[in-house]
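Single-structure report; data block below.
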Amino acid sequence: MSFSDHIRNICFAVLGGLTARHLSHDPKIIATGALVAVALSVFGAGFISLLILMFNSAARSRGYSFIGKAVSTGFIMLIPFTILAAASELILGWRAVQVFASAGIMSAGAAIGVEQAKLGGAGLIGALAPSIGAVGLSITWMLLSTLAAVLGRS
Amino acid sequence: MALAEQTMSQKETGSISKWRALFLMTISPGAVLKSHFMKVSPLWAFFISGSAFAIFFLQTGLDLARNGKSYSVVFALTAIGALYGTVFLTFLAVVAWVLSQPFGGAKPVGWTIRAFALGYSPALIYSLIGLSANIFLGWNTAVTFGVTGFLWTLGPMIAAIREMVEQRIAVSVIIATFCGGLLLFGWSLISLKMS
């Protein structure tokens, strides 16, 4: 796992912890939210890498390590959204982490697309694959957050 | 987004019309920033950013008026938004330009101001959608559409800063976070004072 992968996981952990904080200020709940988010981060990065592997022949010929590097580099774009989400939640008292997380994931998907373009060889579907993966990851995030909120109320 | 960038990098890019710049900044800011977008009038660029903030602050004013505040707040906030989207944005772009100088400083300050202002193209579109929901559906849209609209501008801002620092990702992330923070806290300060 590269340094960028650790950065990605930390970002997801922070966003997950902030989301869990809406349910309870219990450290165990916040830690659980952070861990679930990290699991989603690893799954999401793997899913996007798989999509690129499937639909980008040039990237496929260069091997998984190049694809992994493009995905890791793209997810660095999550950092500003994570820091601003933390600032808005902890300093401004807003309940807006979901919006920051979704926007951050979508921006990361776009950035991965740019990095993938440098590898070349993507047709229309291949070019859209990172953004499609990011949409899927963003929807999964929203669904998990909603599920957590429902479970927290019951 | 990546396909648009590939297409534009593969052929010679000429000057870009103002409407095309607005549309493309929404879906592929990197492609616009690599084109000859300096031919887009600075007035048009400021019209985009000024309108985006004016409409966004207008929504804040309408939400406050719906909760009992005087309608004079609506006009005041709209005017403040227009100033925020022009004067403060220029200040922000200059700050980003200054911060980029030790890291290559690849672009002139005029480029930076245009890029930052044009970066509000997605925010303008989102603000218009939010305003429609506010007026016709009676929703309180300032936070929901405002925060999302603000976040849509971070992508073009990061793309602009990456061009300014010769694609140094870590530096662009730091500068973008700082600039985004200034925008966020400035906006919350104004909302707080007026509410």
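Order of the sequence lines fixes the chain letters, A, B, ..., with proteins taken first and strands second; residue numbering starts at 1 for each chain.
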* Would you indicate whether B:F47, at its atom CZ, is surrounded by more than 12 heavy atoms from other residues, nucleotides or ligands within a distance under 6.0 Å? => no

* Report whether B:F136 and B:V74 are members of the same hydrophobic cluster (ILVMFWY, side-chain heavy atoms less than 4.5 Å apart, transitive linking). => yes

* Part of B:I169 within contact of chain A (heavy atom distance under 4.5 Å) -> side chain

* Is B:I80 reachable from B:F88 through a run of I, L, V, M, F, W or Y residues, each pair having side-chain heavy atoms under 4.5 Å apart? -> yes

* Asked: Does any non-hydrogen side-chain atom of B:L154 lie less than 4.5 Å from one of A:S107?
  -> no

* Where on B:F178 is there a heavy atom nearer than 4.5 Å to chain A: the side chain, the backbone, both, or neither? -> neither

* Same cluster (ILVMFWY, side-chain, under 4.5 Å), B:M157 and B:F91 -> yes

* Tell me, out of A:L92, A:I76, A:T82, A:I112, who's got the most heavy-atom pairs with chain B below 4.5 Å. => A:L92

* Answer yes or no: does atom CH2 of A:W94 have more than 12 heavy-atom neighbours from other residues, nucleotides or ligands under 6.0 Å? => yes

* Closest heavy-atom pair and its distance - B:V173, A:P80 -> CG1-CD, 3.9 Å

* **Euclidean distance, B:L184 CG relative to A:L84 CG, rounded to 0.5 Å** => 6.0 Å

